[in-house]
Amino acid sequence: MFVITKEVYFCYGHRLMNHPGKCRNLHGHSVKASISIRSDSLNEQAMVCDFSDVKACVETFIDDVLDHNFLLHKDDPLIPALTAHNEQFLALDEHPTAEVLSKMIYQYVKQRGFDVDQVVLWETASACACYRED
């Protein structure tokens, strides 16, 4: 099995409404997402795939959906105020944790035809969440 990994960087804001600590407050992150693609064999260029193809795919999703966006749970009481002030946000069915974001990125890249091994989202330099389907 061959595996390649492409890293991308982006920023987002969020809060975790039911969190018992500081994460219940509005805050932001500058994150790194590592997208790993697998293959049993190499293509005609002796690659799993071109890193630029992975980058183009994932950056489209990140630029359009996640980067510099404010991510909230769909039941967050801030949503009416943000809507009233024409502020950008994304309401999610799940709480906007690193685990949920890694799953969102994984599913997007997989739907675009890549054989995704895993997506790791580094929320800080020392803390990450990984999503894989094994």
Side-chain angles (χ1 to χ4, degrees):
M1 177 70 63
F2 297 94
V3 179
I4 65 164
T5 300
K6 179 63 182 161
E7 295 178 348
V8 295
Y9 300 84
F10 63 99
C11 301
Y12 67 91
H14 73 157
R15 76 172 183 160
L16 305 175
M17 289 189 308
N18 301 324
H19 193 278
K22 293 180 184 180
C23 292
R24 73 178 173 269
N25 300 318
L26 304 176
H27 65 285
H29 296 282
S30 294
V31 301
K32 172 176 74 173
S34 299
I35 299 89
S36 297
I37 309 298
R38 65 181 169 226
S39 179
D40 290 328
S41 60
L42 301 178
N43 66 18
E44 56 279 354
Q45 287 106 19
M47 300 177 183
V48 170
C49 67
D50 196 304
F51 288 112
S52 65
D53 293 338
V54 180
K55 178 183 176 183
C57 175
V58 74
E59 282 189 349
T60 296
F61 177 70
I62 288 170
D63 288 346
D64 292 347
V65 178
L66 299 176
D67 190 37
H68 285 80
N69 206 349
F70 193 57
L71 311 176
L72 298 168
H73 186 271
K74 66 181 180 181
D75 297 331
D76 195 302
L78 286 178
I79 290 176
L82 292 171
T83 301
H85 290 91
N86 201 29
E87 291 290 337
Q88 179 177 320
F89 67 92
L90 176 64
L92 303 173
D93 290 336
E94 300 177 88
H95 293 279
T97 61
E99 293 87 345
V100 168
L101 297 181
S102 64
K103 181 179 178 182
M104 287 173 64
I105 295 167
Y106 180 104
Q107 290 175 334
Y108 179 86
V109 175
K110 182 179 178 181
Q111 289 170 355
R112 296 312 177 272
F114 290 91
D115 190 2
V116 186
D117 183 54
Q118 67 179 9
V119 171
V120 181
L121 187 89
W122 289 88
E123 195 172 76
T124 68
S126 63
C128 67
C130 176
Y131 182 80
R132 66 182 341 160
E133 295 179 350
D134 284 341

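No side-chain heavy atom of Tyr131 sits under 4.5 Å from any side-chain heavy atom of Glu99. You'll find the side chain of Asp40 reaches within 4.5 Å of the side chain of Met1, heavy atoms only. Contact check for Pro77 versus Met17: side-chain heavy atoms found under the 4.5 Å cut-off.
The two residues Pro96 and Leu71 make their nearest non-hydrogen contact at CG-O, 3.4 Å. The two residues Ser102 and Leu121 have their closest heavy-atom pair at CB-CB, 4.2 Å. Nearest heavy atom pair, residue His27 against residue Arg15, reads CE1-CA, 4.3 Å. Nearest heavy-atom pair across Phe2 and Val48 is CB-CG2, 3.4 Å. Listed here is the closest heavy atom pair of Glu123 and Ala98: OE2-CB, 3.8 Å.
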Acceptor/donor pairs from residues 51-61 side chains to any protein atom, 3.5 angstrom cut, sequence neighbours excluded:
residue	atom	partner	partner atom	Å
Ser52	OG	Asp50	OD1	2.8
Thr60	OG1	Ala56	O	2.8

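By the criterion of side-chain heavy atoms lying less than 4.5 angstrom apart, applied directly or through intervening Ile, Leu, Val, Met, Phe, Trp or Tyr residues, Tyr108 is grouped together with Phe114 in one hydrophobic cluster.
Between atom CD1 of residue Ile37 and atom OG1 of residue Thr5 there is a gap of 8.5 Å, rounded to the nearest 0.5 Å. To the nearest 0.5 angstrom, Ile35 atom CD1 is 9.0 Å from Lys6 atom NZ. Taking CH2 from Trp122 and SG from Cys130, the interatomic distance works out to 10.0 Å, rounded to the nearest 0.5 Å. Between the CG atom of Asp117 and the OG atom of Ser39 there is a distance of 11.5 Å, given to the nearest 0.5 Å.
The side chain to side chain donor-acceptor pair (under 3.5 Å) pairs that include a residue from residues 86-96 are Asn69-Gln88, where partners are two or more places apart or lie in different chains.
Tested against Leu92, the residues Met104, His73, His14 include a single side chain to side chain contact (heavy atoms under 4.5 Å, CB included) partner, Met104. Just one of Asp63, Leu66, Val65 meets the side chain to side chain contact (heavy atoms under 4.5 Å, CB included) condition when paired with Phe10; it is Leu66.
Other cluster members for Phe89: Leu26, Phe70, Leu72, Leu78, Ile79, Leu82, joined by side-chain heavy-atom distances under 4.5 Å among Ile, Leu, Val, Met, Phe, Trp and Tyr.
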